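Can you keep this structure in mind? I'll have questions shortly.
Given the structure is predicted, the values throughout are model-derived calculations rather than measurements.
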Amino acid sequence: MSHSVVITRTTTTTTSTSHVVLNTGYLRTTPGLLKLAQLIIGAVNVGLVAYYIRRYPVSSLPTSPEFFFLLMAVAFLIGTFCLLASCLVSLSTGGIISKTIYELIYHTIAFLLYLIASIILLVDVTNGRYWTTLKEAYMTASILGLIVSSLYLFSALLAQRSYRGI
């Protein structure tokens with residue numbers, strides 16, 4: 001009887017003065033690179049919209065499209081940071097969490113809400129409510145939002161493929 005064996009190689013980095021172990025090999029995987037890209041683009045979105053929403057207030061914040069976009073960007077920036085940090089600090093988390101339903105649900109919800117927020121902001125910007133400086137900034141943020149939304153979709157598809165319903 002034949003069987004297959006999967007060997008996983010994990011690269012870690014340690015320092016002699018502390019007991020912190022970094023799973024740097026996770027950043028070489030597709031899910032690791034996707035999370036890093038989502039984190040970087042999400043941080044750019046948060047910085048861009050937070051700067052302009054504070055410097056050039058246009059409408060009442062709780063009902064404005066830019067506030068909803070900022071809320072979604074901050075929420076998923078924090079969530080993605082926590083996921084990436086836990087996969088980098090723990091040697092086993094990256095392999096275990098991808099087999100659970102959590103990543104599939106998280107990335108699907110992130111895709112949907114980021115996509116909705118980006119489309120709403122894009123429609124609002126194209127309606128001509130903003131002056132040139134704000135229009136360019138919010139147009140950039142909404143396009144980056146569509147890009148990061150597609151990254152979350154790709155992550156959800158990868159999570160669905162690796163999910164093991166136990």
Side-chain angles (χ1 to χ4, degrees), residues 13 20 22-90 93-94 97-163:
T13 304
V20 176
L22 289 179
N23 185 5
T24 56
Y26 183 73
L27 289 177
R28 293 188 188 105
T29 65
T30 304
L33 288 172
L34 282 171
K35 283 181 186 66
L36 184 63
Q38 292 160 358
L39 190 71
I40 291 169
I41 296 172
V44 169
N45 274 339
V46 168
L48 187 64
V49 176
Y51 173 78
Y52 282 101
I53 205 169
R54 187 165 190 271
R55 187 161 173 108
Y56 305 104
V58 175
S59 63
S60 60
L61 286 183
T63 59
S64 65
E66 60 270 17
F67 182 71
F68 178 64
F69 183 86
L70 182 62
L71 185 66
M72 293 302 105
V74 168
F76 295 115
L77 178 67
I78 293 169
T80 303
F81 173 76
C82 290
L83 268 174
L84 183 62
S86 65
C87 291
L88 287 176
V89 173
S90 172
T93 300
I97 204 163
S98 66
K99 293 174 180 58
T100 65
I101 192 106
Y102 176 76
E103 272 208 355
L104 177 60
I105 292 172
Y106 174 78
H107 290 300
T108 303
I109 291 172
F111 161 68
L112 289 173
L113 289 176
Y114 230 122
L115 180 66
I116 291 167
S118 298
I119 290 173
I120 289 172
L121 185 61
L122 187 62
V123 167
D124 199 50
V125 166
T126 56
N127 283 340
R129 184 171 81 122
Y130 305 102
W131 55 88
T132 306
T133 305
L134 277 178
K135 187 173 186 167
E136 290 172 358
Y138 289 157
M139 181 70 76
T140 302
S142 61
I143 291 170
L144 286 175
L146 292 173
I147 292 169
V148 77
S149 179
S150 67
L151 292 176
Y152 278 117
L153 174 63
F154 190 55
S155 291
L157 294 174
L158 283 178
Q160 195 273 332
R161 281 185 35 205
S162 66
Y163 168 62

L153 side, atom CG; L157 side, atom CG - distance, nearest 0.5 Å: 4.5 Å
Between CG on residue L71 and CZ on residue F76, distance to nearest 0.5 Å: 9.0 Å
Contact summary for R28 and L33, nearest pair of heavy atoms: O-CD1, 4.5 Å
Minimum heavy-atom distance between T108 and A156, given as atom pair plus value: OG1-CB, 3.7 Å
Considering all heavy atoms, the nearest N23-S90 contact: ND2-O, 3.8 Å
Nearest atoms (heavy-atom pairs only) where A73 meets Y114: CB-OH, 3.4 Å
Separation between CG of D124 and CD of E66, rounded to the nearest 0.5 Å: 6.5 Å
Check: T80 main-chain N/O paired with Y106 side-chain donor or acceptor under 3.5 Å: yes
Main-chain N/O of S118 paired with S142 side-chain donor or acceptor, under 3.5 Å: no
Test side-chain contact (heavy atoms from CB on, under 4.5 Å) applied to L77 and L39, step by step: CA-CA 6 Å; L77 178 67; L39 190 71; 3.6 Å; yes
Nearest-0.5 Å distance, OG of residue S149 to NE2 of residue H107: 12.5 Å
Y138 side, atom OH; F69 side, atom CZ - distance, nearest 0.5 Å: 10.5 Å
L84 versus K35, closest heavy-atom pair with distance: CD1-CB, 4.0 Å
Between CG on residue L34 and CG on residue L36, distance to nearest 0.5 Å: 9.5 Å
pair Y26-P31: side-chain heavy atoms closer than 4.5 Å: yes
Side-chain touch V46/L70, heavy atoms, less than 4.5 angstrom: yes
Result of checking V125, L48, V44, N45 against T140 for side-chain contact (heavy atoms from CB on, under 4.5 Å): L48
Donor-acceptor pair, side chain of S86 and main chain of L83, under 3.5 angstrom: yes
Nearest non-hydrogen partners of P65 and I120, listed with the distance: CB-CG2, 3.7 Å
Partner of I119 under side-chain contact (heavy atoms from CB on, under 4.5 Å), chosen from L115, L122, L121, I116: L115
